[in-house]
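Down below is the structure, laid out as structure tokens.
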Amino acid sequence: METISGSCRLGLWHVHVYWNGDLVSRIRFSRTGIDGSVPLLIRQYCAGKPVDLRSFVSIAIQDNTPYSRIYRAVQKIPYGKTATYGEIARQVGTSPRVVGQAMARNPTPLIIPCHRVVAANGIGGFSPDIEIKELLLAREKRNRRKNRDTSA
DNA sequence: AACGTACACTTAT
DNA sequence: ATAAGTGTACGTT
């Protein structure tokens, strides 16, 4: 089993992806790119298409880490929708603060869509830069509206 | 191995 | 406006 790495563009950022088939072991954001390939669906998502990434498996839910229940709950949030830290916490029986902690340590953002987890009164945080979360949420919201308009 | 501190939050004073 | 509750990680003894 060989892990493939590569990066693609997302706005001003580069998304580095380490993967093997449907299994994604790591995703991180950087100002610079690296050589190598990225799965088609992830490339399309980064290009702004409304792609459902739930067909991928994150190492974060395959492993049995203390946060895995939280990651599983977060992965169920569909494209264009959001949940609050508190809602996720209630689902898995922990506290909102812990959910934030799990998001901060998410090894595979996008696959585990931590950008769809927002604060009860605000957007919440995101690393390395909140602008990525803002971009993704704005884009998903826009695409969701577009889908609604064209599907009725 | 224990201890203190730092968090991508929320809810109740 | 402030404080308490919460679970994990990480650095310092």
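Chain letters run A, B, ... following the sequence lines, proteins first, then strands; residues in each count from 1.
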> What's the CE-P distance between A:M103 and C:dT6, to the nearest Å?
Replying inline: 20 Å

>> Any non-hydrogen side-chain atom of A:K133 less than 4.5 Å from a side-chain atom of A:I123?
In response: yes

>> For a quick check of understanding: with a heavy-atom distance under 4.0 Å over all strands, which category does A:T94 fall into, base, sugar-phosphate or nothing?
In response: sugar-phosphate

> Is there a side-chain contact between A:T108 and A:N106 (heavy atoms, below 4.5 Å)?
Replying inline: yes

> Relative to the ring of A:H115, is the ring of A:Y45 parallel (under 30°), tilted (30 to 60°) or perpendicular (over 60°)?
Replying inline: tilted

>> Taking only the P atom of each, what is the distance from B:dA8 to C:dA1 in whole angstrom?
In response: 23 Å

> When the distance from CG of A:N106 to C1' of C:dT8 is rounded to whole Å, what number comes out?
Replying inline: 15 Å

> What is the distance, rounded to the nearest whole Å, between atom CD1 of A:I88 and atom C1' of B:dA8?
Replying inline: 14 Å

> Cut-off 3.5 Å, side chains only: do A:R97 and A:Y85 have a donor facing an acceptor?
Replying inline: no

> How many Å lie between OH on A:Y71 and P on C:dT8, as a whole number?
Replying inline: 11 Å

> What is the distance from atom CH2 of A:W19 to atom OG of A:S25, rounded to the nearest 0.5 Å?
Replying inline: 11.0 Å

Pick out the pairs of N or O atoms, protein on one side and nucleotides 9-13 of chain B on the other, that lie under 3.5 Å.
unit_1: B:dT10; atom_1: OP1; unit_2: A:Y85; atom_2: N; d: 3.4
unit_1: B:dT10; atom_1: OP1; unit_2: A:G86; atom_2: N; d: 3.3
unit_1: B:dT10; atom_1: OP1; unit_2: A:A120; atom_2: N; d: 3.1
unit_1: B:dT10; atom_1: OP2; unit_2: A:A120; atom_2: N; d: 2.6

> Taking atom types as modelled and ignoring hydrogens, do the side chains of A:Y71 and A:Q62 form a donor-acceptor contact shorter than 3.5 angstrom?
Replying inline: no

>> In whole Å, I'd like the distance from the CZ atom of A:R69 to the P atom of C:dT6.
In response: 18 Å

> With both distances under 3.5 Å as the test, what is the Watson-Crick or G-U wobble partner of C:dG5?
Replying inline: B:dC9

> Is there a side-chain polar atom (N or O) of A:R105 under 4.0 Å from OP1 or OP2 of C:dG7?
Replying inline: no

>> In this structure, how many angstroms lie between the P atom of B:dA8 and the CG atom of A:L136, rounded?
In response: 18 Å

> Rounded to the nearest 0.5 Å, how far apart are OG of A:S127 and CZ of A:R105?
Replying inline: 9.5 Å

> Can you tell me how far C1' of B:dA8 sits from CD of A:E134, to the nearest Å?
Replying inline: 13 Å

